[in-house]
*Asks:* 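Here it is, the structure in full.
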Amino acid sequence: MIEVICNDRLGKKIRVKCLEDDTIGDFKKLVASQIGTAPEKIILKKSYTTFKDHITLADYEIHNGMSLEL
């Protein structure tokens, strides 16, 4: 299990526990359950790279302690 930090750029950071084999779509559902937003409205980015829903966290080389932007 890994822990990823999500920053919404409005001063709110959340920590999400997930598996590296989870897809970005699964990860969005976990984030949505914590912040109360629909998963379809969430866009995850890391320095100008927008993540696609069907690719896994491991494929994007997202590891424990990494920070993503909403």
*Asks:* Where is the tightest heavy-atom contact between Tyr60 and Thr50, given as atom of each residue plus distance?
*Replies:* OH-O, 4.2 Å
*Asks:* With side-chain contact (heavy atoms from CB on, under 4.5 Å) as the criterion, how do Ile24 and Leu57 come out once you've worked through the C-alpha distance, each side chain's angles and the decisive distance to 0.1 Å?
*Replies:* CA-CA 6 Å; Ile24 296 294; Leu57 297 173; 3.4 Å; yes
*Asks:* Once you round to the nearest 0.5 Å, how far does CG of Leu19 lie from CD1 of Ile2?
*Replies:* 8.0 Å
*Asks:* Among Lys45, Arg9, Lys46, exactly one meets salt bridge (charged side-chain N to carboxylate O under 4.0 Å, His left out) together with Glu69. Which residue is that?
*Replies:* Arg9
*Asks:* Quick check for you: to the nearest 0.5 Å, what is the distance between Leu68 atom CG and Ile14 atom CD1?
*Replies:* 10.0 Å
*Asks:* For residues 19-42, pull every pair meeting salt bridge (charged side-chain N to carboxylate O under 4.0 Å, His left out), keeping only residues two or more places apart or in separate chains.
*Replies:* Lys28-Asp53
*Asks:* Test side-chain contact (heavy atoms from CB on, under 4.5 Å) on Ile35 and Leu70; report intermediate values, then the result.
*Replies:* CA-CA 11 Å; Ile35 63 173; Leu70 297 179; 4.0 Å; yes
*Asks:* So which heavy atom on Met66 is nearest to which on Val4, and how close?
*Replies:* O-CG1, 3.5 Å
*Asks:* Apply side-chain contact (heavy atoms from CB on, under 4.5 Å) to residues Ile62 and Phe27 and explain how you reach the verdict.
*Replies:* CA-CA 11 Å; Ile62 297 173; Phe27 184 72; over 6 Å; no
*Asks:* Can you name the closest pair of heavy atoms from Ala32 and Ala38 and give their distance?
*Replies:* CB-C, 4.3 Å
*Asks:* Hey, what do you get for NE2 (His54) to OG1 (Thr23), rounding to the nearest 0.5 Å?
*Replies:* 10.0 Å
*Asks:* Please enumerate all residues that pass side-chain contact (heavy atoms from CB on, under 4.5 Å) together with Arg15, with sequence neighbours excluded.
*Replies:* Glu3, Ile5
*Asks:* Supply the atom-to-atom distance Asp8 CG to Ile42 CD1, rounded to the nearest 0.5 angstrom.
*Replies:* 10.5 Å
